[in-house]
Structure formats: structure tokens, C-alpha cells
There are 2 protein chains.
Amino acid sequence: MNVGEVAALAGVTVRTLHHYDRIGLLSPSGRTAAGYRQYSPADLDRLHAVLLYRELGFPLEEVAALLSEGADPAEHLRRQHRLLRDRLERTQAMVAAVEKEMEAHAMGISLTPEERFEVFGEHDPAQYEAETQERWGETDAYAESRRRTRMYAKEDWLRIRDEGAEVERRFAEALRSGVPADSEQAMDVAEAHRQHITRWFYECSPEMHDGLGRMYVEDERFTAHYEEITPGLAQYVSTAVQANAVRQA
Amino acid sequence: MNVGEVAALAGVTVRTLHHYDRIGLLSPSGRTAAGYRQYSPADLDRLHAVLLYRELGFPLEEVAALLSEGADPAEHLRRQHRLLRDRLERTQAMVAAVEKEMEAHAMGISLTPEERFEVFGEHDPAQYEAETQERWGETDAYAESRRRTRMYAKEDWLRIRDEGAEVERRFAEALRSGVPADSEQAMDVAEAHRQHITRWFYECSPEMHDGLGRMYVEDERFTAHYEEITPGLAQYVSTAVQANAVRQA
DNA sequence: GCTTGACCCTGACGCGACGTCAGGCCGCAC
DNA sequence: GTGCGGCCTGACGTCGCGTCAGGGTCAAGC
């Protein structure tokens, strides 16, 4: 196969293949009399590995080092698999973070700067690999512990969302069964709401909660959020929250 | 906040912030008398969005365009969420591709070049399919080259294959002696199969195993591998594996 | 046999997104 | 007042290619 075909197959440009040849990362195993590059199946194998490592963020020099370590193909597949799964987890964490922000935004809550930036931590795969390898070796225990702590974080988040949804459900049910918004029962739900915010997001005093209550009917985004659950719920929640604020004061 | 603090918080270098200032992507809203950059919370918001878009692969110029479009924050969050989910899908596809290749490798099956590269970029398979098939598909050279590159870690490799063959032998025997594919006994062999993969290749969850099971009857090369051992074995293994996946869940 | 157009070659320069000094000013502590 | 860490502005370097420029190659069609 000559460059053009390989390029089309692998979804890269001819220039890229020239570049890889020049820097010695992937030199075709043959040339025609006219000097045309000829790629063998083994070259394609190598290209495949190169592209995967590149996609994972490794600088080409390190890719070359990895591939010349004399590791067998299965070893590379295992490593690529591990790195891809790390990336999957990381992306999931970012999705969760964005969802959290949407939720917070919908609730009118502002996250702390640390919280917002925490997903942008160490993530350079090359650096990560070298560093952890040095520090912990390649122990499964370490990988396992990382996996589990991330799981916990995710589970926590799911619990938070479930709890929030539960409070909203209780509000909606109270509204549906005709319980007055300023009754004891509705105020108890409002208090649960305040506790929920305090426990998971920030110290929410009764006055702050009162402010939130007002915002729930003034801010159209929040109103929309609650109206979507049940018509009239925004006003209902607002009233209950403010009544509860008075009771707590 | 001054540059150093912001840099530490966001996990970028000071130089990066200088760069963003220079190109007008993120200019701090203030300066001290001495010329020190002063970042406001709003600047942090913007930086957060910048870093997310950057992470998603947007060139900085486009990030600037996106952010100056005057879209509200929620719009950006929605877009980022969408892009992240796309990325999640793509990564999952790549994980699946690597798993398929490991499986193929373990069985001594070679995938076609198009198949191996298909996760990279979207090219029209029909265009090159016939051609490459003809050229590489079944040639001895291709098989030979693959066989040779596979020889590296010979001893380990032989052990792994022996173990795999043993599992296949147990499957074949169960089939021959009329043990139902969804019986306890067959499922136990399936579980041994899953453990084998986990031990030697990658952490194979029940769902992943379920996916493999389906592949054994959908992909003719895998089917052929099993049918060569005993007619009906592909379907048998597939059923047992899927039954076991249900049991493990 | 000759032209034509697609494909290939090797420089060589350009670019995006920073890294990395160099040389010098600020600010707070001791 | 003298360190010492942090900040400033150039300015050049690097990585992974993109993009011409100038020229040879190959299969097809006339």
C-alpha cells in the first residue's frame, strides 16, 4: 500500500505519514524504485497503535519509546484498554460535574471555585503513567482504589440528586393533596429542603433560604424547573419555604 | 485573585493565562497599580468554560467565538454536556474496539484493516473494502506477518492459549454430552471463560462478556472459530455466556 | 508514443498553543 | 535594606503537523 491509501484508510493525511517517517516513528518497510513509500501489514499494525496512543494524548516521542520497548502486541492492547477506561472514567466525572453545575444553576446555587475546577486536575496520561508507575508501581491495588474512590464520588452524587428529587416529590404530593403551603406539613418539607442544601452544598441559614424562596418565583429559570414538575409548584414551594423561614427565626 | 492563584486553582500554568490575555481570549477584568493581573469571579467563570471547550478539542479562536456569541451560561452548559456525551460514546466505541481486537488476537483471528481503523474518523468503508479485501484480506503474507509479530512473549502466550483451549474443550464436552447451554454447568464454564479473560487480558464485566457472547454468533469469523471445534458450539457458547451474564447481574 | 491528471517525492516555511529563559519590577518579612 | 518569591514583558524554542513550491511517476485515453 502506498501513502494515499494508508492515509485514507487510517483517517490521517499524507503529510502526517511523511512526518512519522521523518521522525522515525513509522517508516514504511519498503520503497518502490521510484521512491514511493510502501506500507506492509505490519506497518499498519504499528500505525494503529501509534494513532491510539496519540489519541490518548501521548507525545509522539513517547509513543516511539513505548513501541520500541519490545512489548508484545497483547501488552499494548492491555495498556490501551486501561488508558481508555481511565479516560472513560474521567469523561464520566466531567459529565457529572457539568450536570451538577446545571442543577446548581437551576437551583440558583453557586458552587465554590474549587468545586468547579476540580475536574481539571492531573490528566496528562503520559505524566500520570510515569508518575504513578514510579510512585506505586503498576499495582492493581492502586488502580482498584482509584476506581473505587471515583465510584464513591459518583454514588454520592447520585444520592444527592435522589434526595433532592425526593424533596421535590414531597412538595408536589403535598400540593396535589391540597395541603396548604403554610401548614406545618409543608413547612417540614421546606425544612428538609434547607437541610438538604446545607448538608450537600453550603450552610443555608433560614434567611438565606428565605431569599431563595423569593427567587423561586422571581427567577424564571427556577420557576420553569418547578412548573415542569407540577403547575403551581414554584409558588407553592416559595410560600412554604418563606413560611418555614419565619417559623425558624 | 492574581495569576498564580488562578493558575493553581484551575490547574494551568501562569504562562497559559498570559497567553489567553495576549490573544484576548481571557483578559483579567482589572490590574493593580503595579500592573498585576486581577481576576474576578466572572473571569473564573469564563476560564472554566474556556478550559472545558479546550479539553473538548476546540481551537482557542473558536472558543473565543463561542463565548462572545452572547449565549447564556445554561446554553453553554447544555452544549458542553452534549459534547461530553458524544465523547463518552466515542470512547466507549474505542474500548469496545480494543476488546474486540484482544478477543480476536486471543483466538488467532485477524481483523480486516478497515475494521481496525474504523474508530478513527469516518471514512466510507465501501470505497476501500473490496480493494483491501482483495489485497490483504486472506493473503498468506498478512497472516504470516501477524503470526510473527505475535511470537514475542512466547511462553506466557502458550500458557494463556492452553488455558483458553481448556475452556473451549469444556464447552465442547458439555455440548456433546447434551448439557443445556443455559444450565448451571454450562454457565460455570462461561464464568471460567470470563475469569480467563479477566485474568489475562482485561477486566471483563458481565455486561462486556454479554457483548462478546453476542459477537460470537454475529461475526462470522468468531463463529467459524467455534464451529471448527464442534458444529453448534458458537451458538452454544453464546447462549451460555449470555445466560451467565444474567446470572451474575 | 504522447498528453493528461491524479498521485508521489523532498524541502521549506507557517501556525497554534503554549514552554522556557532573560532581564527587571513589586511586596512582604526579617 | 536586603532577601526571596511572585509578577511583568519580550523573545525565542518546540511539537505536530498544514500548506505551498517545484518537480518526478504512473495508468489511461487518444
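Bear in mind that the values here come from a model prediction, so they are computed numbers and not experimental data. Every chain is numbered from 1, with letters handed out A, B, ... down the list of sequences.
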**Asked** Is the shortest side-chain N to carboxylate O distance from B:Asp43 to B:Arg37 below 4.0 Å?
**Response** no
**Item:** Distance test, side-chain N/O of B:Arg37 to OP1/OP2 of D:dG6, below 4.0 Å
**Value:** no
**Request:** Let me know, please, whether B:Tyr36 or B:Glu61 comes out on the 5' side of the other along DNA chain C by nearest nucleotide.
**Result:** B:Glu61
**Message:** Counting neighbours of CD on B:Glu61 that are heavy atoms of other residues, nucleotides or ligands and sit closer than 6.0 Å, is the number greater than 12?
**Reply:** no
**Fill in**
Tested for side-chain hydrogen bond (donor to acceptor under 3.5 Å, both in side chains) against B:Tyr53, the lone hit among B:His48, B:Glu62, B:Arg79 is B:Arg79
**Message:** Given D:dG16, D:dT25, D:dC8, identify the nucleotide with an atom nearest to the side chain of B:Arg31.
**Reply:** D:dC8
**Message:** Quick check on D:dG18: is either OP1 or OP2 less than 4.0 Å from any side-chain nitrogen or oxygen of A:Thr13?
**Reply:** yes
**Asked** Taking all atoms of both residues into account, what is the closest heavy-atom pair of A:Leu66 and A:His76, and its distance?
**Response** O-CE1, 3.4 Å
**Request:** Name all residues meeting the side-chain contact (heavy atoms from CB on, under 4.5 Å) criterion together with B:Asn2; count only those two or more places apart in sequence or in a different chain, and write none if there are none.
**Result:** B:Glu5, B:Gln38
**Request:** Considering only heavy atoms of chain A and a distance under 4.0 Å, specify the first and last nucleotide of DNA chain C in 5' to 3' order that meet this criterion.
**Result:** C:dC7 to C:dA12
**Message:** Counting neighbours of CZ on A:Arg31 that are heavy atoms of other residues, nucleotides or ligands and sit closer than 6.0 Å, is the number greater than 12?
**Reply:** yes
**Item:** Proximity to DNA chain D (any heavy atom under 4.0 Å), residues of residues 15-28 of chain A only
**Value:** A:Arg15, A:Thr16, A:His19, A:Tyr20
